[in-house]
Participant: 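After the C-alpha cells below, expect a handful of questions from me.
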Amino acid sequence: MTGSPPRFPQGFAHHPLYFAPGEQAALTDAVVEGLMQAPLYQPTMPRTGAPLSVLMSNFGPLGWVTDRDGGYRYQPDHPVTGAAWPALPDTLLQLWHDVTDWPDPPEACLINWYREGSKMGAHVDRDEHDLRAPVVSVSLGDDAMFRMGGRARGGPTTGLRLHSGDVVVMAGEARQCHHGVSRIYAGTSALLPESAFPGGGRVNLTMRVVGAPG
DNA sequence: AAGTAGCT
DNA sequence: ATTG
C-alpha cells in the first residue's frame, strides 16, 4: 500500500534549490556581515522565560524578538545592544519581488540559527498587521525537517525535508497555518563557516511585512 | 505556548 | 493538554 501524497495548504510553495551553491555562499557572507552589527542572541518565551533552542537576529527596519517580560513583538532595535538592525540585503529584496506579487517590500527578516538538536515548535506567524501578506523563507546550511499543519493547533502535519538554497513561500491559506521545524540533519552541509557558526547547523531567513504598529 | 510531551 |  502506498499512502496518500503529502497535501499542503493552498498558498504553500516550495522552490527547491532556488539559490545555486555560489549564490548561497554570497548570501551567507551577507548574513555573516550583518551579524557583526547585530549579533545572534538567545530569545526567551513570554512569561516563563524558557529559552528557545534557536539563536536569533534580524535584518530590516523591524525585527521580531521575544523575551520573558516583553513577549512577542517587532521593534526597530536589537534587544541586547540597542542598535538598529542592519539593512535587508538586496538579494533578499529581489527574492521577495520574484516569488511574491505583494506590492510592499518586507520590513523584517528574521535570522534563525538552528544547531544540532534545535527545533521550532508548531506556530502561526500572527504578530503582523496584515496576515494576507506572504511570508518568504530561505534555507542555508544543514537539511531540516519542516512540518506544515493546518489552521487548528494540534492537527495533522505533513513533513518536507528542506535543503540549503531552498525557498518556501507561505501565502493565502498557508499563511495562517501552523508550521515548525522538528529536526536538523547535522553535518549534511558545509556551507556555514565555522568562524561565525561553530558546529555548523542551519540558518533560516524569514521575510515578513509587519504593517501598522503592533 | 515560536516552550515540552507524546502520539500518529 | 497545559500553567502562568
Side-chain angles (χ1 to χ4, degrees), chain A residues 1-9 11-12 31 35 38-60 62-75 78-80 85 106-131 133-162 166 168-171 173-184 197 201-211 214:
Chain A
M1 284 294 281
T2 63
S4 322
R7 185 177 302 134
F8 292 95
F12 178 87
V31 171
L35 291 178
L40 292 161
Y41 78 99
Q42 181 168 62
T44 55
M45 296 288 290
R47 296 185 289 282
T48 65
L52 279 70
S53 60
V54 297
L55 297 186
M56 296 182 167
S57 187
N58 289 272
F59 287 134
L62 290 172
W64 188 88
V65 299
T66 175
D67 53 38
R68 186 191 53 186
D69 297 331
Y72 302 154
R73 64 199 188 275
Y74 283 95
Q75 65 180 41
H78 192 288
V80 177
W85 304 107
E107 297 162 281
C109 177
L110 178 61
I111 304 168
N112 285 161
W113 180 36
Y114 294 80
R115 291 166 288 184
E116 185 170 14
S118 293
K119 296 172 185 173
M120 183 65 75
H123 67 280
V124 178
D125 297 18
R126 46 177 42 135
D127 299 311
E128 302 77 32
H129 183 252
D130 189 346
L131 268 43
V135 167
V136 175
S137 91
V138 183
S139 296
L140 295 171
D142 285 340
D143 292 359
M145 182 54 65
F146 177 81
R147 301 216 63 97
M148 190 81 217
R151 294 182 64 153
R153 194 168 189 270
T157 63
T158 303
L160 175 65
R161 185 162 170 157
L162 295 178
D166 289 6
V168 165
V169 180
M170 287 182 286
E173 177 81 6
R175 177 65 178 77
Q176 300 181 66
C177 290
H178 286 77
H179 57 277
V181 172
S182 58
R183 74 161 287 191
I184 296 297
F197 304 99
R202 169 179 187 256
V203 165
N204 189 67
L205 308 170
T206 306
M207 287 181 281
R208 306 187 186 98
V209 175
V210 179

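By convention in this document, chain letters (A, B, ...) are assigned in the order of the sequence lines, proteins followed by strands, and residues within each chain are numbered from 1.
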Participant: Check whether the side chains of A/R202 and A/S139 place a donor and an acceptor atom closer than 3.5 Å, and report yes or no.
Facilitator: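 Yes, A/S139 and A/R202 have a side-chain donor paired with an acceptor closer than 3.5 Å.
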Participant: Any salt bridge between A/D67 and A/R73, counting N to O under 4.0 Å?
Facilitator: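 Salt bridge between A/D67 and A/R73, a charged N being under 4.0 Å from a carboxylate O: yes.
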Participant: Quick one, A/V135 and A/R175 - any side-chain contact, counting heavy atoms below 4.5 Å?
Facilitator: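 Side chain of A/V135 against side chain of A/R175, heavy atoms only: contact under 4.5 Å found.
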Participant: State, with a plain yes or no, whether a side-chain heavy atom of A/R115 is found less than 4.5 Å away from one of A/L55.
Facilitator: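 Sidechains of A/L55 and A/R115: in contact.
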Participant: Looking at every strand, decide which applies to A/R147 at a 4.0 Å heavy-atom threshold: base, sugar-phosphate, or nothing.
Facilitator: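 It contacts nothing in the nucleic acid.
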Participant: Reading DNA chain B 5' to 3', which nucleotide is the first, and which the last, to come under 4.0 Å of any heavy atom in chain A?
Facilitator: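 Going 5' to 3' along DNA chain B, contacts run B/dA1 to B/dG3.
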Participant: Quick one: closest heavy-atom pair of A/G149 and A/T157, and the distance?
Facilitator: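 Closest heavy-atom pair between A/G149 and A/T157: CA-CG2, 3.9 Å.
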